Amino acid sequence: MKRLGLGLAILLIGASALAGMRARYGGELRVVVPALPQAQDPAQLTSSSDLLSARLLFGTLWTQAPDGALSPSLAAAVPEPEASGRFFRIRLRPGLRFQDGTPVTAREVISSLSRLADPKLESPYSALVLPLVGVSSSTGKIGGLKAGGELEVQASLAFAYPDWPRALAHPAASIVLDKGQRPLRGTGPFVLRVDGPSTVRYEAFPDCPTGRPFADSLSMTLGDSRSAGRQLALSAAELTTVSLAEKGGTEGPALQASYLALNPAKLGAQAAPVRQAFEAALEVGDLTRFFVRGPASPMYGLLPPALDPASSAPRARPASPQLPAGMELTLLVESGDENHRAVAERMQVKLHDLGLALKISRLPRPAFRKAVAGGAYELALVSVMAIPEAGMALAQLVSLALGREAAREELRTIGGGADAAARKALALARAEQLLPRLPLLPLYAQASRVLARPGVAGIGFDASGAPSLADGWLSDPPRVRAAGEKP
Amino acid sequence: MGAWLVLAALAAVGTPAAAQGSSLERTAVQIAERAGELGPPGQTSLAVALVSPETPDLGRAAQTLLVSRLARIFRSVVPLRVNALESAEAEARQLPADWVLRLTARIAGGELVVAGDAVPTWTNFWLGNSLARTAGGLAFAARAPVDAEVLTLARLGKVAGAIPGQLARRFHLRPLATVPERVVALAVGDLDADGAAEIAALTATQVLLFKADGQLLARYDHASLPMSPRPPREASGAIAIGPFGAEPNRVRIAFLWYGQARGGVLELDRGELRLIQPLDAAPVGAGAQGVVVGAPQPGRSALAPEIRVASGKSTALSLAPVAVAVNPRAGAPALLAISAEGSAVALGEDFLPLDLALPPLGAGLALGDFDGDGVSELAASGLVLADDRIRILRLDGKSGAPLFESEPLPGAVNAGAAGDLNGDGRDEAVLGAWLPDGSSQLYVLGGEP
Amino acid sequence: MRLRTKLVLVALVSTLPFVVALPWALRAVQRAFDAELNSRLAGAERAAQASAADLSDKVGRALSKLAVDPAVEDLVRSLHDAKLDRGELAQSGTAARLMALMELDALEILDDQGRILASGHLPGRAGDLDGDGVELASRQPGRPVPRRIDIAAANGFAPALAMLAALPVDYGATRIYLVGGRTFGQAWAERLKELTGAAIAVLDGERELARTEAIELPRQAKIPVGELGSVVVELSDQAVRRTKSQIARVALGLWLAALGAALALAVILARRISRPVDALAQGARALAQGSLGHQVAVSSSGEIDELVRAFNAMSSDLRSATDRAVVAERVAAWQGVARRLAHEIKNPLTPIRMSVETLVAAHRAGRSDFDEIFRESAQAVLEEVERLRRIVDEFSQFARLPKPTLAPLELAELAGSVLALYSSPPEGIRIDRELGEGLQVEADRDQLWQVLINLLTNAIQAMPQGGRVLLRAVSLGEGSAALEVADQGPGIAAENRARLFEPYFTTKEGGTGLGLAIALRIAQEHGGTLEEIGLEGGGRGARFRLTLPRAR
């Protein structure tokens, strides 16, 4: 009883990175996640679990700390802008290898970045490469990327965009080896071993360029808040990203932004009054507080408050518009997303009060993405993993709503700013201007939160909002069970 | 019998007016105030465990007093008679108690310190009614100058005239400097042969040299050194001040950042640090036997379980050290190394293992004679995840009680070194704590002048 | 009216009480069923009331239990310690779980401001204000009251009537309100239906919120749920109506069967009774028409048989008596006729003998005036011979009177054509007519013609000094009509009246005495009568009436 009582104690980590002890190697980190990663491809990440997994499997040229500092990872250094921000020289660290032993060269860097522009992949992160010269919209080939030897990539931009390297710290810009095999090879601290329907298992990659992970292996299993809480309490799991009922844990920046997408093609003349109806009916703050589990902040502007502090300021809500009597609309929701389900139910209730019938249609992720990409929806709840760079984040949204060309123009405008502060101000001003013009109604931005059982240390976040599970370690040595002892 | 008399006396003086004067009362009041944060008093029940291993009668008196004070406030307060605090939570869970207070009373630095924590023992619906802690704990620390009552209680049951050791000498922990990065290793040594030791600190990008008063003397940027193809994930490295390099009489700084392919030896030259030669080994310290180095393991922050001294003699250790303290003075132990798990191994002057019973230790280590009694003590941080403390432990095997224990520090102490900073013949320990914002705080721990 | 008809009528009439009793019986059945249905309905209503009260009680109990539940205590404590994220609370399904645990249909957790922290029945309501809940909790804590709520349903949400109760729960300075309730929903209605067997509907005004089944022709009891709506308990009238109509159908069938049976019985009885009676009647008619000795050949039994036998015997007796009487009468008649005839014939013989004897005497006497004597004598002889011949002719005519040939005949028309012969009556005679129209008889025109001529001639001859003759055609009721000839002559002397129609009785000079006898006979041949009835008012004169049966 005594041992159990002590063993079950949950300590919500926070100061764990400050362990008065050195990191220990070994053991397994068992992570309970609300959804298993579905796309083990950095160009395709759409959920926090995808992001989590991408951080384990793949490495980027450099990483960005939550405070914005860039530190080189695969690259020997973070490149300085040349030619007034229209040219970057990326030098790779020598001797890097992918998890299968293939050397990491300039060629892989170019192909990895080109994947983002590949129309077949429909990557939500194409904005990352839009500033480059010669991005082909049909093949995804990028003329502006050239190899200057084995270890150097020369990137020519069509217009000045000095903040480009910051954007490339996002896991979507991970360097991968794509020779048609799946899973993709990366340089991340873990190698994918099992990608099962209920469990995903990873093993440490000892030669990881950013250091071997402390744990020997890591597994992700699916769980809800009750099971995650229990498993943590019983030390049946080390970590969870499932949002538990109680506060605590370590949070990353809130960059997973949710929007209500209105399809003007389907709504026609009703698009404006319908948007107004939603704006009038929904108080985004209440919506976030009561209908979004886990850490989230209401988003009144286009960009998440983490990028645009003005986004967290409530705006005046319009009066309820006159809607045709008996109007019925269908709201498309991805079936795995419980927050979106709850938000959709809230919308249903509030719009009912305005006399508008809202039907909720839930689709599994592939069908949902297909419907949204194909414009086969009236209203949809979409979520975007925002790139933690205001200009790029805005370009992401513009690309989603208006297409790549419009996004490129935004980037061109924003990149023209004199310095970083001016560029950011420009981006935020553009976001404010675009707010009523994009058919996207901002709702909330969500962050990942990691809760750990006592004895787990080292977990932090990067600027993209992904927890660094590879930094996690077990402060208590793995307990050997006595014979006959029940787990 | 004596204890009861004292208890009766305490009960008699347990009035608010007396609370102003009595140490026990004052600590009880402080704890009761903090306990108010546990929940609405009328709806909260508490169990109180209070132990005092060295002065059990003091513990019982303090518990009785505390319980009576808390009982005025809370719905129910149950005293738990336990020998070890570890069993308190389990016992409290058998009661209808919402929280259990786990406190230790001791006399330290001339003060009565009652400290510990409160952990929730109510079962939570959302965690499936399993026996899980439903909330984070609450730390308690109350202190009051020792008064006659306390001393009387502390002496009860002891040999006449015996005074708890903590009262004998006072140590002082003072901040020295802050460093914007994490200090992974520290070294103390007289680099400029001025009789006063300097302090060298290693961070991810720099080697910093401080004077004993914390003034920055020089810095060296080592970030341009080539990266290791297999760096460790953790910020780690080694630094030492000693006769490194070709000239055995010249004192230099040697360092190795484990994330880099090699380190170097630095010379202080007209106030500037200059790299004079590269270094492949991990310089862990320098003592009476000369410099001591270890071998880094690719991809890991722990060294290989083997160390070499200047003579070229190599000694196998029973563990892979993550921190090594080298005694700057002659005498045992000459070296103490700990593993990531906190277990320690100590070597004597002959570099043969000593049989020392040590508790699990943290990575902030320093060996030295801190009280000037000619016998070496160990300054060490705890193997904990939070609320780290620095203790001075005696290594003579006479008593398990630390000579000193600091207050909880706002960070984790992960680096340490010792040397005579002020030339008073006693060593001071320099310790580096990692702060939550990624910076470090350097402390100096020494005796009162 | 024929006996058969009477019997059928009697049969019909005999079933009449049945017809009269049927509606009464049906009404009685209806009343019995109604009473039963009403008592069942009252029972169902009581059960519904009890169930509603039970539901209400359960709400109160569940809420009281919930208020002291460790889970709720945890919840408030967590809120108090600000350890619980509101979004987590709203979306963790806590309210839904507590709701299920307490078997409630609705549960809201409100903060001290009345803001919904979590809603089990409509999670989308979290964050909204529910001032009613707070008011409810402060005014009548724990007491269920009817309320209109929305609950989550397949397509968004559905309205429901519920009993809601609210309770505050405190933990330190933190207060929450629990608002819980159970709905009068489909599940409740189904349970109640199981219990009562009645159809249950829950109405909000006119809107139907829940219903177990639609029944036709319901008999309803309404239990108001506050002022918001009502629970309607319905029992079908249909069983009663079906039973009633079944009874009616069976009764009608029975009645028809009885009627049929009665009719059949009547017909059979009528056959058995009326055939012999008919045969007897026919026999009587035949008898009346002269078919003496007519035998009724019907097998029967009982009194009818005796009657038939008696009739047959009577007929036989009558025939034999009549035969004997006829023979006797014929003998007597012929004796009379022979006597009359001898008398009539002897009367002329005397003058003839005297004339011949005179002639012989004169011849012998050779009387000079012989020729004159001869002529006178011869004249006398011839006259007498002529008289003889006439006697013989009439006699032969009387003896040879043929059977009448009956044909439809209008009396007025007949009278008219006869009167045409008297268009210029003798001096002093006036013939008047009063001829009723449409008096149709079956008669032999020639014979009636002869009768009428005879009567008119007699009338005219009775008034040598002139007078008025009145010919009338009159109806004597449904069955017969008559021709009357009245004169103002001397009338019939009382002593002659009895012999008036005897052959060869006459009071006239030169009359043969056969005219009225023949007329009577013709009348009799037609089934009619001829009689002297005297004048109306007993005046002087004679009036003859020929009565005839009217044609059908």
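Proteins get letters first, then strands, A, B, ... in listed order; numbering begins at 1 in each. These numbers come from a predicted model, not from an experiment.
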statement: Contacts of S47(A) meeting side-chain contact (heavy atoms from CB on, under 4.5 Å) (sequence neighbours excluded), chain-then-number -> S49(A), D50(A), R365(A)

query: What salt bridge (charged side-chain N to carboxylate O under 4.0 Å, His left out) pairs are there with at least one residue in residues 156-176 of chain C, not counting sequence neighbours?
result: D170(C)-R175(C)

query: Tell me the salt bridge (charged side-chain N to carboxylate O under 4.0 Å, His left out) pairs involving residues 182-197 of chain C, sequence neighbours left out?
result: K193(C)-E213(C)

message: I need the contact set between residues 120-133 of chain C and chain A: heavy-atom distance under 4.5 Å, sorted by residue number.
response: L122(C), P123(C), G124(C), R125(C), A126(C), G127(C), D128(C)

- prompt: Hey, is CZ on R219(C) packed in by over 12 heavy atoms from elsewhere, all under 6.0 Å?
  reply: yes

message: Using a 4.5 angstrom heavy-atom cutoff, name the option from E345(A), R346(A), M347(A) with the most pairs to chain C.
response: R346(A)

statement: When every non-hydrogen atom of F290(A) is compared with those of I116(C), the smallest separation belongs to CE2-O, 3.5 Å

